[in-house]
> 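This is the structure I want to talk about, given as structure tokens.
Both ligands and their constituent atoms are indexed starting at 1 by order of listing. In what follows, every heavy atom counts, from backbone to side chain, and hydrogens, waters and symmetry copies are set aside.
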Amino acid sequence: MSRAYNFSAGPAVLPEEVLRQAADEMLDWHGCGMSVMEMSHRGKEYMSIAESAEASLRELMAIPANYKVLFLQGGASSQFSMVPMNLLRGKGEADYINTGEWSKKAITEGKRYCKVNVAASAEDKNFTYVPAQQTWKLNRQAAYLHYTPNETIGGVEFHWVPETGDVPLVADMSSTILSRPVDVAKFGVIYAGAQKNIGPAGLTVVIVRDDLIGQTIPGTPVMFDYKIHADNGSMYNTPATYGWYFAGLVFDWIKRQGGLQGMAERNQRKANKLYAAIDGSGFYKSPVDPACRSWMNVPFTLPDEKLDSVFLSEAKKAGLLALAGHRSVGGMRASIYNAMPEAGVDALIEFMRDFQRRNG
Ligand SMILES: *Cc1c(COP(=O)(O)O)cnc(C)c1O
């Protein structure tokens, strides 16, 4: 059996060691005679799996005690609605930063619930940069500020955390969570779909500060209320049991890699060498401002669009998969999440050099 290097933006590569462990435990988890998928979520075996996953995430991210960790479903996209429903708390306005496709989706959904103030936008330069905080037009009355620390499609990342004073900061960390240390205490809410850096699709992790829970807007469906999930240990209904279990295995794998500091060092090294190869080639180009280039998603273009399909089919033959850019932007995109081994990035760079020699 051979595994290719998978550069998909999500669902994405998972650590091979974890896939093997899950395979070993598939039919009979720890001698209990059944697979994790077949267990009652309320049985003592599953409760231990769920608790240990949460404990590992708390340890990895050093999550303070006054934050709840929720293991939900509905994807990051459901959080585009759950955030306003839970965080408006009687206010009618919220600030959003628009740095690309995912920001725009969050803004569109936010507008259904409140007056959205787009405090800064990178649309003027086709979403290739992060507007400096000095240029933001923040609203002191805002119930919260929402931003997207890493735009998965554009490959634009904040390498700093916005300062919002008393206004709760909300971050869609879907494609950057666990890639580096963050100071959770700076955030009101952090949320992430699992399928980029956490585990299989179907699980959504939400980290929310206690005081922001319990004041939903009237008519909020019970499944959209953070308090319901917090009070029920994310088991008000049947959770995504297998995804939650798998996430726990990934958290433990990250601990073995030196935690978030270890991940950050490796991720930065991987990204730096790929950007250096692009910039030094005189052939490939990165559209993103060097100060805001993502460590996780690396878009690049070839000198002639006509070469794109040749590049993709030859890459595939070389065992380098899913390098096509998002349908909305074209070009190439290499997603190099935590689980992408450094050897995968090296193989991509080697292939790019060889392709250039033959087509440059
Ligand atoms: C993938 C992604 C989403 C969408 O996640 P779903 O789980 O499909 O809803 C939202 N925001 C960002 C930044 C993403 O990368």
> When you look at Asp95 and Tyr144, which way does the side chain to side chain contact (heavy atoms under 4.5 Å, CB included) test go after all the steps?
CA-CA 6 Å; Asp95 280 348; Tyr144 58 87; over 6 Å; no
> Check the pair Glu25 / His30 against side-chain hydrogen bond (donor to acceptor under 3.5 Å, both in side chains), numbers first and verdict last.
CA-CA 7 Å; Glu25 296 178 343; His30 294 202; 3.2 Å; yes
> Which salt bridge (Lys or Arg N to Asp or Glu O under 4.0 Å) pairs, counting each pair once, include a residue from residues 305-314, with sequence neighbours left out?
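Matches after skipping sequence neighbours: Asp304-Lys306, Glu314-Arg358.
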> Can you produce the list of protein nitrogen or oxygen atoms under 3.5 Å from a nitrogen or oxygen of ligand 1, alongside each distance?
| unit_1 | atom_1 | unit_2 | atom_2 | d |
| --- | --- | --- | --- | --- |
| ligand 1 | 7 (O) | Ala76 | N | 3.2 |
| ligand 1 | 7 (O) | Gln195 | NE2 | 2.9 |
| ligand 1 | 8 (O) | Gln195 | NE2 | 3.4 |
| ligand 1 | 9 (O) | Ala76 | N | 3.2 |
| ligand 1 | 9 (O) | Ser77 | N | 2.8 |
| ligand 1 | 9 (O) | Ser77 | OG | 2.6 |
| ligand 1 | 11 (N) | Asp172 | OD2 | 2.6 |
| ligand 1 | 15 (O) | Thr152 | OG1 | 2.4 |
| ligand 1 | 15 (O) | Lys196 | NZ | 2.7 |

> Between Asp172 and Thr148, does any side-chain donor sit less than 3.5 Å from a side-chain acceptor?
no
> By side chain to side chain donor-acceptor pair (under 3.5 Å), which residues pair with Asn237, not counting sequence neighbours?
none
> Would you mind listing every ring-ring contact (aromatic ring centres under 6.0 Å, His included) that reaches into residues 98-143, with sequence neighbours excluded?
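Of all non-adjacent pairs touching residues 98-143, those that pass ring-ring contact (aromatic ring centres under 6.0 Å, His included) are Trp136-Trp160.
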